[in-house]
Amino acid sequence: MSSLVLGFQEIEKTQLFLIGGKGLNLGELSKIQGIQVPEGFCVTTAGYQKAVEQNETYQALLAQLTVLKAEDRDQIGEVSKKIRQIIMEAEIPADVVNAVTHYHSQLGVEHAYAVRSSATAEDLPHASFAGQQDTFLNIIGKEAILHHISKCWASLFTDRAVIYRMQNGFDHSQVYLSVVIQRMVFPEASGILFTADPITSNRKLLSIDASFGLGEALVSGLVSADCYKVQEGEIVEKRIAAKQLAIYGRKEGGTETQRIDPDKQKSQTLTEQQILQLARIGRQIEAYFGCPQDIEWCLADDTFYIVQSRQITTLYPVPEANDQENHVYLSVGHQQMMTDPIKPLGLSFYLLVTPAPMRKAGGRLFIDVAPRLATPVGREALLNTIGSDPLIKGALMTIIERDYIKLLENDQTAPIPNRSNTDTLAQIDNDPTIVADLIKKNQSSIEELKHNIRSKSGSELFDFILEDVQQLKKILFDPQSTAVFMAAMNASSWINENMNKWLGEINAADTLSQSVPNNITSEMGLELMNVADLIRPYPEVIDYLQHAKDDGFLDELVKLDGGQETQDAIYAYLNKYGMRCAGEIDITRTRWSEKPITLVPMILGNLKNFEPNAGNRKFEQGLQEALEKERELLDRLKQLPDGEKKAEETKRMISLIRNFIGYREYPKYGMINRYYVYKQAMMKEAEQLMKANVIQEKEDIYYLTFEELHEVVRTNKVDYEIINKRKEDYKFFEKLTPPRVITSDGETITGAYKRDNLPANAIVGLPVSSGVIEGRARVILNMENVDLEEGDILITSFTDPGWTPLFVSIKGLVTEVGGLMTHGSVIAREYGLPAVVGVDNATKMIKDGQRIRVNGTEGYIEIL
C-alpha cells in the first residue's frame with residue numbers, strides 16, 4: 001500500500017489529511033454492509049504535495065495570497081490564475097503516475113471514471129466547502145485521467161475556493177487536495193437525500209430530491225427536481241416538477257445535456273417503492289455515521305448507488321434529552337437579548353443561578369417547556385408569560401395545534417394562573433420607598449460579598465462562591481422584588497388596553513414610561529454624557545482620546561491639562577458601571593473595567609453629537625412629555641361617562657408605572673455586579689495556574705465549567721484536549737443562528753406577525769416603543785467600532801444593558817430579537833426612541849447607510 005494512492009477499502013478513519021473529506025467518507029461508505037458504492041481509489045495529498053512543494057514560484061505566489069483579504073477580488077483573481085497555471089504545467093511525479101496506472105488497470109481500463117476533488121478542508125463537521133473544488137465526469141483512458149487529476153489540483157485555487165477559505169479562516173498553505181477516481185455509473189435517475197429536512201431541520205422528516213440522468217443537472221440548477229418527504233417509513237409529501245432537461249454521459253467521454261421527451265417531463269422520477277427503499281438506505285447511512293447526512297445517490301439497473309455522504313453542517317444542534325418523549329425548547333438568549341454563544345464557564349454559571357429546566361445546544365441555553373404544555377393550566381400560564389413575543393407565541397400555538405405534546409387530563413398539581421391584572425396590582429403597596437429599600441439591600445449585600453471574598457483562595461474560594469450564589473438567587477427571586485416590576489408591567493398593559501378602548505390612544509404607556517426614577521441602565525447612558533461634559537473644556541485631552549489605542553490610555557492622562565479630572569471621572573463611572581459589557585450574561589465576556597478603551601468612542605460620540613448639559617435636558621424633556629401626556633389623558637377621560645372614576649383608576653396605574661417600572665432593570669444589574677466580583681476572584685486563580693504552568697493563558701479557564709475549574713485548582717492538572725476541542729466548537733457555534741423554538745425532533749418552528757394594511761415592501765417586526773422616525777441606518781454588530789451621528793437609527797442583532805450608552809445618540813432602534821419587556825424595549829420607551837424588535841435578519845435586509853423610516857407604533861420599517 002503506497003502513501004501516494006489508496007483504494008477505498010484501504011482507507012482508514014484517521015487519514016483525513018491524506019485523502020480529504022470526500023475520500024474519507026467514500027472509504028467509510030464502502031464498508032457499510034449492503035450499501036452499493038462504485039469502486040474507486042484516491043490520489044492522496046502526498047501526491048499533490050510532491051508535485052508542487054519544490055516549485056519556488058508556487059511558494060512565492062502562495063505567500064502573496066496569504067496577505068490578501070476576501071475584499072481584494074481583483075488581486076485574488078490574478079494570483080490564483082497564476083497558481084492554477086503552474087499546477088497545470090507541473091509534471092505529475094513518476095511514482096504517482098505508476099500508482100494510478102496500477103489501480104486503474106485493476107479496476108478496468110475499459111471503464112469510464114468520475115475524477116473528483118477531495119480537499120482536506122471539505123465535508124467537515126463544521127464546514128462543508130460544498131462545490132468549492134471541481135468534479136469531472138465520464139473520463140476515459142489513463143492519459144485523460146492524469147490530465148484531470150492536474151485540473152482537480154488546480155481547482156484548489158479557483159477564486160471562489162480561495163475566498164471561501166479566507167472567509168472561514170483556513171490557511172491556504174495548510175489545505176491540500178486529494179483526487180478521487182471512481183467508476184462511473186450511468187444512471188436513469190439521481191439526486192440528493194437529506195436525512196433531516198433542510199427547510200425545517202426536522203430530524204424525523206427525510207427529504208429526497210430526484211431528477212433524470214446525472215446529478216450534475218440538479219447541482220448546477222439546470223433543472224427543478226421532484227421532492228419527496230418521508231417520515232417514519234411513510235411518504236408524507238410529494239412534489240413532482242416539470243423536468244425539461246437532463247445530463248447524460250457520452251460514449252466517447254464527457255457529458256451532454258438532452259431534452260426530455262414531453263410525455264415524460266411531468267412523470268414521477270422514482271416509484272413509491274423506490275422512494276421508501278432509498279429512505280431506508282438513508283437511515284442506515286445516518287445510523288452508521290451517527291448524525292444527519294446529505295447523501296448523493298444515483299439509480300442504475302434498479303440498484304441505488306451512493307456516491308457521497310457528508311454531515312449536514314447547517315442544522316442547529318438538538319438540546320440533549322435523556323428520554324424518547326417529545327420536548328419543546330425555548331431559546332433563553334431571545335429572552336435575555338443575547339443570542340451569541342456562551343463559553344462553558346458562562347453556561348455553567350447561568351445554570352447555577354436559574355431554577356428552570358435548562359438544556360444546552362450550540363453553546364446556548366434552552367428551557368424545556370414540555371411539562372408546562374402538558375397541562376391546560378400550564379399552557380395558559382406559559383402563553384400569557386411569553387405573549388409579549390408574538391414569534392415565540394405563534395410557534396407554540398403551532399405546536400399546540402399539532403398536538404405534539406399530549407395533554408394530561410385533570411391535572412390538579414398546577415396552580416390556577418392569574419386571570420386578572422388587577423389582582424397582581426393589589427398585591428403591593430404603591431409606595432416608592434419599597435424600591436429604595438430593595439436597592440439598598442442589594443447594594444449592601446454586594447459590599448459584604450466584596451469584603452468577604454478577599455480572604456478566599458483555592459478550593460475554599462469555589463465553595464464560598466457556591467454559597468454566595470444562594471444569596472444571589474434569594475435576591476433575584478425575592479417575591480417582593482418580582483411583585484414590584486410585575487405591578488409596573490401589568491399597569492402598562494392596563495393603560496394600553498384601556499386608553500385604546502376609551503380614547504382610541506395606541507401604546508399610551510410608552511410616553512408615560514419616559515424618564516422614570518431608579519432606572520440604573522438608562523442612568524448609565526446619561527451619566528456617560530456627563531463624563532463627556534467634564535472633558536469638554538480640555539482640547540488636549542480630547543485630542544489625546546481621539547488617538548488612544550489601548551487600555552493603558554488612562555495612566556498617561558494625568559500628564560495633560562484636565563487629565564486628572566478626566567481620569568477621576570472615568571474611574572468613577574467604571575466604579576459604578578464597569579462590570580457591564582455587551583453580552584454580559586456570559587461571565588467570560590470582557591467587562592468595561594477590564595477594557596476601558598471600549599468607552600472612548602462613546603465618550604467622543606457624545607462630545608461630537610451633543611451640546612453641554614444635554615443629558616440633564618434629555619431627562620427633563622422626557623419627564624415633561626410624560627407629565628404632559630398624563631394631564632392630557634386625565635382631562636380627556638373626565639369628559640367621558642363615568643369619567644371621574646376612569647381618571648382616578650388611570651392616575652393610580654400611571655403612578656404604579658412611574659414608581660416601579662425603573663426598577664425592572666435593577667435585579668440584573670445586581671446579578672452582573674456579583675458576577676464581576678466572582679470573575680475577578682477566579683481570574684486571580686487563573687494567574688496562579690499560569691505561574692504553575694498548569695494553563696497556557698488565563699482565558700483558557702473560560703472553556704471549563706465551574707466544577708471542572710474547581711477540580712483544576714484543587715489538583716493542578718488540566719486536560720488540554722478538552723479545552724482545544726471546546727475552542728473549536730465555540731468557533732463553530734458562532735456561525736449558527738439559534739432558533740426561538742426547537743423541538744426534540746430538531747424542527748425549528750417560527751411564528752409570524754399578522755398585520756393588515758402595511759405599505760408594500762414593509763419589513764415587519766414587533767412595535768415596542770411608539771413614534772415614527774426617518775434617518776440613516778447604522779448596522780452595528782460590535783460595539784467596539786461605533787461611529788454614530790446624532791439622528792442615526794441603530795440596527796443590530798440584540799441589545800442588552802451594555803449597549804445602552806449608545807441609545808443617547810440614536811433616534812430609533814431596530815433589533816433582530818426582543819419582546820415588549822426585554823431590555824432594549826424598556827430603555828427605548830424611557831428615552832422616547834421609536835423602536836421595532838424581533839425583525840428576523842434585520843442586519844442583512846437593511847444595509848448600513850440606507851435611509852429608512854421606522855414606525856414604532858405599527859411595528860414596521862420602510863427603506864426609503
Side-chain angles (χ1 to χ4, degrees), residues 2-8 18-20 22-23 26 38-55 57-58 61-62 79-120 122 131-162 175-186 214-216 219-220 247-257 307-308:
S2 109
S3 67
L4 297 174
V5 176
L6 293 175
F8 287 174
L18 208 51
I19 48 158
K22 190 175 288 168
L26 281 166
E39 309 170 284
F41 58 93
C42 297
V43 178
T44 69
T45 54
Y48 166 74
Q49 283 170 274
K50 207 166 181 187
V52 296
E53 66 190 351
Q54 298 306 319
N55 192 312
T57 322
Y58 166 83
L61 289 166
L62 207 54
V79 179
S80 302
K81 189 178 171 186
K82 287 178 187 165
I83 295 179
R84 291 198 300 276
Q85 207 173 335
I86 284 172
I87 294 171
M88 285 305 297
E89 288 166 4
E91 203 171 318
I92 298 179
D95 41 4
V96 175
V97 174
N98 293 339
V100 169
T101 308
H102 166 71
Y103 278 89
H104 180 224
S105 62
Q106 270 197 332
L107 291 183
V109 294
E110 70 283 8
H111 299 305
Y113 290 86
V115 181
R116 311 165 75 190
S117 307
S118 176
T120 51
E122 181 178 64
Q132 295 305 317
Q133 277 83 39
D134 290 342
T135 285
F136 304 96
L137 300 178
N138 202 16
I139 308 302
I140 299 169
K142 185 184 83 170
E143 292 311 319
I145 288 173
L146 290 169
H147 176 68
H148 284 88
I149 288 171
S150 294
K151 286 179 87 160
C152 282
W153 286 347
S155 78
L156 194 54
F157 291 94
T158 59
D159 297 8
R160 68 171 185 263
V162 168
V175 177
Y176 304 115
L177 199 94
S178 161
V179 179
V180 175
I181 290 108
Q182 188 173 22
R183 228 180 108 172
M184 268 299 284
V185 172
F186 295 100
L214 289 161
E216 297 312 290
V219 175
S220 62
I247 296 177
Y248 292 102
R250 298 187 311 189
K251 285 250 181 330
E252 64 277 19
T255 60
E256 63 182 2
T257 305
V307 291
Q308 185 50 283

Nearest 0.5 Å, what's the [atom1]-[atom2] distance between [X] and [Y]?
{"X": "I145", "Y": "C152", "atom1": "CD1", "atom2": "SG", "answer": "11.0 Å"}
{"X": "I92", "Y": "L4", "atom1": "CD1", "atom2": "CG", "answer": "12.0 Å"}
{"X": "E89", "Y": "T57", "atom1": "CD", "atom2": "OG1", "answer": "10.0 Å"}
{"X": "Q85", "Y": "I83", "atom1": "CD", "atom2": "CD1", "answer": "11.5 Å"}
{"X": "F8", "Y": "I19", "atom1": "CZ", "atom2": "CD1", "answer": "9.0 Å"}
{"X": "M184", "Y": "L214", "atom1": "CE", "atom2": "CG", "answer": "5.0 Å"}

State which residues pass side chain to side chain donor-acceptor pair (under 3.5 Å) with [X]; sequence neighbours excluded, sorted by chain then number.
{"X": "H102", "result": "none"}
{"X": "Y48", "result": "Y58"}
{"X": "K50", "result": "D95"}

Taking the side chain as every heavy atom from C-beta outward, state whether [X] and [Y] have any pair of such atoms under 4.5 Å apart.
{"X": "F41", "Y": "L107", "value": "yes"}
{"X": "K151", "Y": "I139", "value": "no"}
{"X": "F157", "Y": "V79", "value": "no"}

Closest heavy-atom pair and its distance - [X], [Y]:
{"X": "I87", "Y": "S150", "answer": "CG2-O, 3.9 Å"}
{"X": "H104", "Y": "K142", "answer": "CE1-N, 3.6 Å"}
{"X": "R116", "Y": "V307", "answer": "NH1-O, 2.7 Å"}
{"X": "W153", "Y": "A51", "answer": "CZ3-CB, 3.6 Å"}
{"X": "V97", "Y": "T101", "answer": "O-OG1, 2.6 Å"}
{"X": "R84", "Y": "D159", "answer": "NH1-OD1, 3.5 Å"}

Checking [X] side chain against [Y] main chain: does a donor-acceptor pair fall under 3.5 Å?
{"X": "S118", "Y": "S178", "result": "no"}
{"X": "Q182", "Y": "P38", "result": "yes"}
{"X": "R183", "Y": "E39", "result": "no"}
{"X": "K22", "Y": "S117", "result": "yes"}

Step by step, would you call Y113 with H148 a ring-ring contact (aromatic ring centres under 6.0 Å, His included)? CA-CA 11 Å; Y113 290 86; H148 284 88; over 10 Å; no
Do other residues, nucleotides or ligands put more than 12 heavy atoms under 6.0 Å from the CD atom of E91?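 No, not enclosed.
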